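These notes are about the structure you will find just below.
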Amino acid sequence: MSIGLARLREEPDRIRQGAIDKGEDPSIIDAALALEGKRRDLLGESGLLKAERNAASKQIGEAIRGGAAPSGPEVAALRQASTDAGAQIEKLDAELAATEAQLEELMLRIPNPADPDVPVGDASANQTVRTWGELLPRDATADGETWTRRPHWEVGESLRMFDLERGAKITGSGFPVYTGYGSRLQRALIDFMLDIHTSEHGMTEIWPPALVNSASARGTGQIPDKEDLMYVVPRDDLYLVPTAEVPVTNLHRDEIFEADQLPLRYAAYSPCFRREAGAAGKDTRGILRVHQFDKVEMVFFEKPEASAEALEWLTGRAEVILQRLGLAYRVLLMATKDMGFVQAKKYDLEVWAPGVERWLEVSSCSNFRDYQARRMAIRYRPEPGAKPELVHTLNGSGLALARTVAAILETYQQPDGSLVVPEVLRPYMRTDQIRA
RNA sequence: GGAGAGGUCGCCUAGUGGCCUAGGGCGCCGCACUGGAAAUGCGGUAUGGCGCAAGCCAUCGAGGGUUCAAAUCCCUCCCUCUCCGCCA
């Protein structure tokens, strides 16, 4: 994950301002520039010496083939020259390796600068771009009677759609067990979302592994920075995926596309595992913040010039799901200090949960530009035979299930305690109403 | 998990310490020939880095080692294939 040395050299001011806007330390940019200069000097010196050594070694070979005694004085002199160069090279390369390690460490701490149209500031600078649907109040009126919507955990328990206590028993807190129609609703939502994204949005469906190796975890930046967020299987050096973004983006690690292969757009279901260490309290009640949930994720590989528009389209595809489900939501354009270190631009989709009268984040749609692609070496040829350039990567949830389920339970509950099934899910649920 | 065989350029393959600056074939691109094409011939066809450039450096699954010199020898690991064992 890095802005790249070329860009560091070419537009340090933009990078510096980008760091300031995101609340990061801008002095790292100057430290990195200094190290980059040192790296280039060392590289030049070491390269020259290696050329000398290679030449000497070659001469030894030629001399021996030409009849010189392998242990004779002529060969010994050449051998000495090569050995001497080798000793210097060893020193230089050690210094070079140390310099590069320091430089890389600094580069990892330089954030991806936000796009120019992103508001500068903290969460209070986030912009509500649009709102869709009717924001139902908790206290509703039906047939002249008023009734109060219940929070989703009460609805779910009473309709026996999930069992949080037994989930805690068999695994731990934050591992919900879905039961009966609750279980079927999981399948229905996954199926519905993937159907829309593939049949209507033209994405390619992926069913990825739920565990990845350390190279993949490093590729999308989960390690080293976010290692605490993941469940780790140290015995096999594997990581449980926190999102399908990790395996799906890594599909094309170290690959070079031809221009006509882009864009590549994937929709992937996966379970998601997050330690969420320390999280507890009223914000985590029910299934709002759990250690295991399910999600359909969209992952795009785009040509650089198309990525800005692709982010708008991607966000729109997530909105389609919410609209078809009939859930009210709003779209937030995240400000520089609230958007994350690696994103260039990010929209959050928040669904309205009338039972708790809160907005719940169900999707986060981001354009990483070339920041992610650089670390993973995902490139394409703009023209046949041309030099490869980095692609742009984007991803967004479409959607995360647990909170979507919460919004459905709170939106579609009836005064009599039953739940009306959203119309688009009825073919999948094979019922239009769920009763206690 | 055990035994064995492998991993070289987009694909196939040659390569048992120095003539490897990695050869050949296929594919692809360009040019020639052609009315146009096929066939044929000639040339070109990895990635990253450094350099104004000429060019140089690195990379033969990954990492380490031996050596003046490693695709080639040694060690560790990964992956693929075959057989055996185990198993949804």
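Only a predicted model underlies this, so the values are computations on that prediction, with no experimental measurement involved. Here is the naming used below: chain letters follow the sequence lines, and residue numbers restart at 1 for every chain.
- Counting non-hydrogen atoms under 4.0 angstrom, A:N54 reaches the backbone sugars and phosphates but no base.
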Worked verdict on A:L325 versus A:V424 for side-chain contact (heavy atoms from CB on, under 4.5 Å): CA-CA 7 Å; A:L325 289 171; A:V424 291; 3.9 Å; yes
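- If you check every strand for non-hydrogen atoms under 4.0 Å, A:L43 touches sugar and phosphate atoms only.
- Remark: A:R379 is in phosphate contact with B:G48, judged by side-chain N or O atoms under 4.0 Å from OP1 or OP2.
- The environment of CD in A:E105 is crowded: more than 12 heavy-atom neighbours from other residues, nucleotides or ligands sit within 6.0 Å.
- Side-chain atoms of A:S57 lie closest to B:C68 of the nucleotides B:C68, B:G48, B:C50.
- Among the protein residues, A:G61 comes within range of the nucleic acid bases, having at least one heavy atom under 4.0 Å from a base atom.
- Phosphate contact (OP1/OP2 of B:C57, side-chain N/O of A:R53, threshold under 4.0 Å): absent.
- For A:R381, a side-chain nitrogen or oxygen approaches OP1 or OP2 of B:U47 to under 4.0 Å.
- Looking at heavy atoms from C-beta onward, A:F293 lies in side-chain contact with A:C272 at the 4.5 angstrom threshold.
- Rounding to whole angstrom units, CG of residue A:L49 and P of B:C50 are separated by 18 Å.
- Between A:F175 and A:Y231, the ring planes lie tilted relative to each other; the angle falls in the 30° to 60° range.
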